[in-house]
2 protein chains.
Amino acid sequence: MPEEKDTINKLAKAPIESLHLDAITVVTNLYRAAQGLRNKMEREVLAKHGLSWTSFSILYDLWIWESVETKKLAMSAGVSKATISNITNTLERKELCYRKVDNRDRRITCVVLTDKGRKVMEELYPQFHQGEVEVVSSLTVEEQKVISGMLRRVIRENNF
Amino acid sequence: MPEEKDTINKLAKAPIESLHLDAITVVTNLYRAAQGLRNKMEREVLAKHGLSWTSFSILYDLWIWESVETKKLAMSAGVSKATISNITNTLERKELCYRKVDNRDRRITCVVLTDKGRKVMEELYPQFHQGEVEVVSSLTVEEQKVISGMLRRVIRENNF
DNA sequence: TTAATATCGTTTCAACGCTAACGATTATGA
DNA sequence: TCATAATCGTTAGCGTTGAAACGATATTAA
């Protein structure tokens, strides 16, 4: 990313009172770290099963909760329900999950993990976790607690 | 996201020595914050011009550097060169930038901002910056410096 | 010089991801 | 009851995304 100083010059013509350079730096580094994290995981762990980050996060939810409504999957993954519908189709094609219509409210569709899906998770999760550890290994455990606390506040305050 | 305790139960059958719960929390919160950040910006600022986060980050680079090689755009945005090629097509269609083949090395293509593209940036950047400020407003400036420092170390250590 | 190699950007193809529109189902209220 | 509204998941249409294959250009080595 360019230097903040360059941005200041460009803003001569833009109607802005003042630049909050620290906010810019947080946002820039936050997104870059997350992007790198996702790319690393997809390349080093998930690619061998042709799974995207979002696909994996859905499988993870199903692994933990057994059966999850489409809408809750969307909220958990932070994507639209249309995306969940598409990804569920892909995962169904791979026989990693299946749909199940709710009997009480037939508008609701639940997604359920198959045995094959469970096996994939039991193979993949330890490797995924190893990647998580590696990514944050430059931070002490104490620092990890601090950064998690701050991120959690950002998430909460913005309803993310 | 589910509780860490649930994950521990699931891992009974998985060959893993120990769970680093703090690492899990960092990664989970990091990605969720970034995801929420992107969604918020695309919805509240970029949608009115039909721009994605990546499109905007490319326009930003062009705004600062006037002319940038395709490869450098890919590295800066953290996406593949194929993606840059596609997005450049879209931006060209909107007349926000144009391609320019390098004379010295005709394999290299530079992308250049148009006047129209510059006007869009001068309108959009202040609003984007306002969003940045809002997103991190729950952190003090001192905390912003701390979290940026930690994120920067993560980025550096992983070559993100 | 010429052949082999490397680098660059684009294309191809499949999947991801959004908004908006839609059909089906349920809830509400006159 | 029956019409209206609200909610759910899917579909349509378009742009984004990456791996791999490709063509064009430049570099290297013999």
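Lettering of chains follows the sequences in order, A, B, ..., and the numbering in each one begins at 1.
- Side-chain atoms of A/Arg107 come within donor-acceptor range of the base of D/dT7, with a qualifying N/O pair under 3.5 Å.
- The distance between atom CZ of B/Arg43 and atom C1' of C/dG17, rounded to the nearest whole Å, is 14 Å.
- In this entry the distance linking CD1 of A/Ile58 with C1' of C/dA15 reads 13 Å, nearest Å.
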Evaluate the criterion ring pair (Phe, Tyr, Trp, His ring centres under 6.0 Å) for residue pair A/Phe56 and A/Trp63; output intermediate values, then yes/no.
-> CA-CA 10 Å; A/Phe56 180 79; A/Trp63 192 37; 8.4 Å; no
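- Closest-nucleotide positions on DNA chain C for A/Asp105 and B/Glu42 were compared, and the one nearer the 5' end corresponds to B/Glu42.
- Separating the CG atom of A/Leu91 from the P atom of C/dA14 is a distance of 18 Å, rounded to the nearest angstrom.
- A straight line from NZ of A/Lys40 to C1' of D/dG18 spans 18 Å, rounded to a whole angstrom.
- Closest approach to the B/Ser55 side chain among C/dC16, C/dT19, D/dT16 is made by D/dT16 (side chain taken as heavy atoms from C-beta onward).
- Look at A/Arg99 and you'll find a side-chain N or O under 4.0 angstrom from OP1 or OP2 of D/dT10.
- Under 4.0 Å is where a charged nitrogen must lie from a carboxylate oxygen, and between A/Arg153 and A/Glu157 no such pair does.
- Residue A/Arg93 has a polar side-chain atom (N or O) positioned under 4.0 Å from OP1 or OP2 of C/dA15.
- In this structure, the nucleotide among D/dT25, C/dC18, C/dT11 sitting nearest to the side chain of B/Asn39 is C/dC18.
- For the pair A/Gln35 and A/Asn89, both in contact range of DNA chain D, the more 5′-proximal nearest nucleotide belongs to A/Asn89.
- Salt-bridge check for B/Glu66 with B/Arg118: passed, with a basic side-chain N closer than 4.0 Å to an acidic carboxylate O.
- Straight-line distance from the CG atom of B/Leu73 to the P atom of C/dG9: 9 Å, rounded to whole Å.
- Among the nucleotides C/dG9, C/dT11, D/dT17, the one closest to the side chain of B/Thr54 is D/dT17.
- Whole-Å rounding puts the B/Glu69 CD to C/dC8 P distance at 8 Å.
- For A/Asn86, the side-chain atoms get nearest to C/dC18 when compared with the rest of D/dC8, C/dC18, C/dG9.
- Distance check, rounded to the nearest 0.5 Å: CG of A/Leu151 to CD1 of B/Ile147 gives 4.0 Å.
- Remark: P of D/dG18 and NZ of B/Lys71 are 15 Å apart, rounded to the nearest angstrom.
- The side chain of B/Ser85 approaches C/dT11 more closely than any other nucleotide in the set D/dT17, C/dT11, D/dG9.
- A donor-acceptor contact closer than 3.5 angstrom links the side chains of B/Arg99 and B/Asn89.
- With D/dG9, D/dT11, C/dG17 as the choices, the nucleotide that has an atom nearest any side-chain atom of A/Arg38 turns out to be C/dG17.
- Shown here is A/Lys71, whose NZ atom has no more than 12 heavy atoms of other residues, nucleotides or ligands within 6.0 Å.
- Taking only side-chain atoms of A/Thr70, from C-beta outward, the nucleotide of D/dT25, D/dA12, D/dG9 with the closest atom is D/dG9.
- B/Thr109 comes within 4.0 angstrom of sugar-phosphate atoms only, judged by non-hydrogen atoms across all strands, and of no base.
- Of the side-chain N and O atoms in A/Thr83, one or more sit less than 4.0 angstrom from OP1 or OP2 of C/dC18.
- The shortest distance between the side-chain N/O atoms of B/Ser80 and the OP1/OP2 oxygens of D/dA19 is not below 4.0 Å.
- Between the NZ atom of A/Lys100 and the C1' atom of D/dT10 there is a distance of 20 Å, given to the nearest Å.
- For B/Ile87 and B/Lys81, each mapped to the nucleotide of DNA chain D holding its nearest heavy atom, the one lying further toward the 5' end belongs to B/Ile87.
- Candidate nucleotides D/dG15, D/dT10, C/dG17 were compared by shortest atom distance to the side chain of A/Val79, and C/dG17 ranks first.
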